[in-house]
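In what follows, a structure is listed as structure tokens, so that the remarks can point back to it.
Protein chains get the first letters and strands the later ones, always in sequence-line order, with residue 1 at the start of each. Atom set for the values below is all heavy atoms of this structure, side chains included, hydrogens, waters and symmetry mates excluded.
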Amino acid sequence: MPLLAVVVLAVLTFAFRVTGPLLRDRVTVPPAAERLLSSAAAVLLVSLAATSALTSGHDFAGAARPAGVLVAGVLAARRVPFPVVVLTAAAVTALLRLAGLK
Amino acid sequence: MRKIWRTSDPGLLRDVGLVCLADGIVGVSFGATAVAGGLPWWVPIAMSLLVFAGGAQFAAVGVVLAGGSPVAAVAAGAVLNTRMFPYGLAVADVTSPSGGPGGGSSGGSAGGPGGGPGGGRWWLRLLGAHLVTDESVAFALRGDGPARRRAGFWTCGVALFAAWNVAVLLGVLAGAAVKNTAAFGLDATFPAVLLALALPTLADRRTREAAICGAAVAVALTPFLPAGLPVLAGLAGLAVCWRRSGVSRSELSRSEVSRSGGLG
């Protein structure tokens, strides 16, 4: 992966980031649109969580990773501290793989 | 900046610390995965400083390690980061630490050193834009009132930038030593972090339904679309569920009021 690729990705990412704050100075966003944008962010987060939990490339990631994420999700919903949630995800996945699950 | 620390409550600092710790683990995982996969040591480090978006970094490196071209890697990362645009709009009022125009006043905390009441300095606005991430946006959105929103965004953004880059550096060092990162289940940490971050916003029923629809669409399309696109396609879930549950506006706003009262 050449340096140019990293720089191009960085420039594109910053362009996406800075457009909103720059537009905001000129455009007033109605409250309904703002609520929609907040929901859009939540939808993207969950979609990204689901795809990165369940898939690897174009294929199913195997049962170990989603199982670890599922246990972590239950803990998070029960307001268990963040580091415990994350370490549990890794630990459950690692143990299932140790037991022979893919 | 001092103004931001003054408005920070201990709960915010604790939660930001926990997020940094959690993302630190993800960062170690990223650095280790990249280097163990055969990339030069400087690639994950440069990406973390310049791109500073865990999902896109994982996606881009994943494409390269799976044999994809640099162009495909950049495309995957960039498409994934298009979500920064709605994020940027959602937090536009807080990306300037001294209060942006039209963003409302920051309450009684005026008079911070150097913090002009007007537009805020341009380079701070650019820096603030670079700190827009899933996490900093989540902290901004959960704060009530402009001052708390701004404190949440900047505290999380600055702390996370430091933690993420240190963690990736540690991961690069570890990756050179440990080859089989999958055995440690590190790949499960990233979705776990995202899920934990999204959970509080899912208390709203419409958002929850939209998110479930979106996730289903994204997962279903993953075998058929290039990396990064399925997540964007998940936004379709927003339209479908929003329409279905948006039957009565007054009914919805009433239920929202009662719900926000119950959250306490």
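For A183(B), the part sitting under 4.5 Å from any heavy atom of chain A is the backbone (N, CA, C, O) and nothing else. Contact of F184(B) with chain A is made through the backbone alone, with heavy-atom distances under 4.5 Å. Proximity to chain B (any heavy atom under 4.5 Å) is restricted, for T55(A), to the side chain, taken from C-beta onward. The parts of R65(A) that come within reach of chain B are both its backbone and its side chain, each placing non-hydrogen atoms under 4.5 angstrom from that chain. Both the backbone and the side chain of L3(A) come within contact range of chain B, each with at least one heavy atom under 4.5 Å from a heavy atom of that chain. Of the atoms belonging to L48(A), heavy atoms from both backbone and side chain fall under 4.5 Å from chain B.
Two residues are said to be in side-chain contact when any heavy atoms from C-beta on lie closer than 4.5 Å; F14(A) and L126(B) meet this criterion. For the pair L195(B)/V69(A), a side-chain contact is recorded, criterion being any heavy-atom separation below 4.5 Å from C-beta on. Side-chain contact between V46(A) and I212(B) is absent, with no heavy-atom pair separated by less than 4.5 Å.
Side-chain atoms of H58(A) come within 3.5 Å of backbone N or O of T222(B) as a donor-acceptor pair. Using a distance-only test at 3.5 Å, with no hydrogens or angles considered, a donor-acceptor pair links the side chain of R17(A) to the main chain of V132(B).
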Review point. Passes side chain to side chain donor-acceptor pair (under 3.5 Å), T207(B) versus S39(A)? Steps please.
Key: CA-CA 5 Å; T207(B) 303; S39(A) 287; 3.0 Å; yes
Check your understanding: Yes or no on side chain to side chain contact (heavy atoms under 4.5 Å, CB included) for L23(A) and F85(B), after CA distance, side-chain angles and deciding distance?
Key -> CA-CA 10 Å; L23(A) 273 182; F85(B) 172 62; 4.0 Å; yes
